[in-house]
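Letters A, B, ... are given to chains in the order of the sequence lines, protein chains preceding strands, and every chain is numbered from 1.
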Number of protein chains: 2
Amino acid sequence: MILEIFKGITLTKQETDRIENTFKKVHFKKGDIVLHTNETVTHQYYVYFGCLRTYFIDPQGKEHTIQFAIKDWWISDYIGYFSETKSVLTIECIEDATLFKIAKKDIEETYDQIPKIERFFRKKMERSFVSFQKRILANLSQPAKERYINFTKTYPNIEQQVKNYHIASYLGITTESLSRIRKEIAKK
Amino acid sequence: MILEIFKGITLTKQETDRIENTFKKVHFKKGDIVLHTNETVTHQYYVYFGCLRTYFIDPQGKEHTIQFAIKDWWISDYIGYFSETKSVLTIECIEDATLFKIAKKDIEETYDQIPKIERFFRKKMERSFVSFQKRILANLSQPAKERYINFTKTYPNIEQQVKNYHIASYLGITTESLSRIRKEIAKK
DNA sequence: CTAAAAAATTGATGTAGGATAAGAAACTAT
DNA sequence: ATAGTTTCTTATCCTACATCAATTTTTTAG
């Protein structure tokens, strides 16, 4: 079951064992906080099922959603995780979820032992990088309505699982504005 | 000289040779376009000196600066580069520059031969990922004035080398707005 | 099934930053 | 040096989205 994560990669028995020993299965209930701010970010998480998000609370107390994650996505506070600083994001479970978590130190050891795994994560990182760069581009060049339409097209599976105010805070607008945008789209 | 890029990594003579053969030194003049849109993105570039930027031209014809690069930074249209699509960004030289360019296919071969190099690029990717995620966060949570102040603090070396309208298009505002913000800051 | 809480909508009003237009300042090249 | 070009500034007006304040609708818990 853990091996679904690495489908497409051929692994020896020994490698499989190692991986099965480093990933831990964990469950969270809707509303649970997987990671609070100002904690050490020791793990990243693979979503086996359910839905989570990471968000940032700005100095005015407003939430900004950075990332959603559903089945087969990975999630963490990657700012804290990669730069070895205390968490700046909160990871919240927004639909009951089963995750596989892996410790940063374990994964780095695995990189030494199984280069195929290091490559897998390098490529995953490259794909995320592309999507975050596209998001910066969209934020700079499109009005809220277009960003919302694109969001619904790009992440139809996510839209069904999350609240409107989660989407609004991802798009960088208020829940009231999103409501007006939705109304406008609906009447056509 | 090329090896400055990999300072901190110990390489054998053979590895050094391979690297010296795959990186090509190239010069560009201020105003030169290193990559146009809608081209195949075959290379990424290490800046030995000079200054470049990548920008996106939106459907209304407005430019949006995605990235600057000065000495010791890397630059490319990473959207096209990693996702194997035609370029969506333009790479422009904004101060006479000397670059080392490396072909994607060469670097991927190098990854097979020198795992230390794959690791170097993985870590570089992780650091970029962090900074782009911080930028998304800043764009979502700060007004233009604060984003500008942070920009000047974070990239003092870049500010001196680029035009105000480059900075404006990086911050997601017009050059007129940036002018007002600068005036406001100056009068205090 | 129902009360309470959470989420979404709607309306009225405010504001940061955009658009347009013009002029001033700073480079650039002869 | 000086004409031409590019960049920056300033002023006026405008718009997308925010804020505030009620409701209405939906979800949740007993």
Problem - With sequence neighbours excluded, residues passing salt bridge (Lys or Arg N to Asp or Glu O under 4.0 Å) with A:K25 - result: none

Exercise for the section: Measure from CD1 on B:I173 to C1' on D:dC17 and round the result to the nearest Å. Expected result: 17 Å

Completion exercise
Comparing nearest nucleotides in DNA chain C, the 5'-proximal residue of the pair B:K30, B:Q142 is B:Q142

Completion exercise
DNA chain C: first to last nucleotide in contact with chain A (atom under 4.0 angstrom from a heavy atom), 5' to 3', is C:dA7 to C:dA12

Exercise for the section: Hydrophobic side-chain clustering at under 4.5 Å (ILVMFWY, transitive links): who's grouped with B:I33? Put none if nobody. Expected result: B:Y55, B:I57

Handout entry: Degree of bending, the helix from C:dC1-D:dG30 to C:dT30-D:dA1 (end axes from five pairs; round to 10°)
Key = 60°

Practice task
For A:F28, enumerate each residue passing the ring-ring contact (aromatic ring centres under 6.0 Å, His included) test, keeping only those at least two apart in sequence or located in another chain.
Solution key: none

Practice task
Kindly write out the residues that satisfy ring-ring contact (aromatic ring centres under 6.0 Å, His included) with B:Y45, not counting sequence neighbours, or none if the list is empty.
Solution key: none

Per-pair distances, 0.1 Å, donor-acceptor, side chain in residues 131-139 of chain B, under 3.5 Å, sequence neighbours excluded:
| residue | atom | partner | partner atom | Å |
| --- | --- | --- | --- | --- |
| B:S131 | OG | B:S128 | O | 3.0 |
| B:R135 | NH1 | B:I66 | O | 2.5 |
| B:R135 | NH2 | B:T65 | O | 3.1 |
| B:R135 | NH2 | B:Y170 | O | 3.0 |

Practice task
Using whole Å, report how far NZ of A:K145 lies from P of D:dC17.
Solution key: 10 Å

Exercise for the section: Let me know the distance between CD of B:Q60 and C1' of D:dA16, rounded to the nearest Å. Expected result: 14 Å

Fill in the blank from the handout: For B:F23, the ring-ring contact (aromatic ring centres under 6.0 Å, His included) test, sequence neighbours excluded, returns B:F6

Practice task
Tell me what B:G31 touches on the nucleic acid: a base, only sugar-phosphate, or nothing, going by heavy atoms under 4.0 Å.
Solution key: nothing

Exercise for the section: For residues A:R180 and A:E184, determine if any side-chain heavy atom of one lies less than 4.5 Å from a side-chain heavy atom of the other. Expected result: no

Completion exercise
A:D96 CG to D:dT27 C1', in whole Å, measures 15 Å

Problem - Sugar-phosphate, base or nothing in reach of A:T174, heavy atoms under 4.0 Å - result: base

Handout entry: salt bridge (Lys or Arg N to Asp or Glu O under 4.0 Å) against B:E95, all qualifying residues, sequence neighbours excluded
Key = none

Practice task
May I ask you to evaluate whether A:K62 reaches the phosphate of D:dA18, defined as a side-chain N or O under 4.0 Å from OP1 or OP2?
Solution key: no

Exercise for the section: Scan residues 88-118 of chain B for pairs that pass ring-ring contact (aromatic ring centres under 6.0 Å, His included), counting only residues two or more places apart or in two chains. Expected result: B:Y48-B:F100, B:Y111-B:F121

Problem - Aromatic B:Y46 / basic B:K101 pairing, under 6.0 angstrom, 45° off normal - result: no

Handout entry: By ring-ring contact (aromatic ring centres under 6.0 Å, His included) - contacts of B:Y155 (at least two apart)
Key = B:W73, B:F151

Between the protein and nucleotides 4-10 of chain D, are there any N/O to N/O pairs under 3.5 Å, and if so, what are the atom names and distances?
| residue | atom | partner | partner atom | Å |
| --- | --- | --- | --- | --- |
| D:dT7 | OP1 | B:Y165 | OH | 3.0 |
| D:dC8 | OP1 | B:N164 | N | 3.0 |
| D:dC8 | OP2 | B:N164 | N | 3.4 |
| D:dC8 | OP2 | B:Y165 | N | 3.3 |
| D:dT9 | OP2 | B:S179 | OG | 3.1 |
| D:dT9 | O5' | B:S179 | OG | 3.1 |

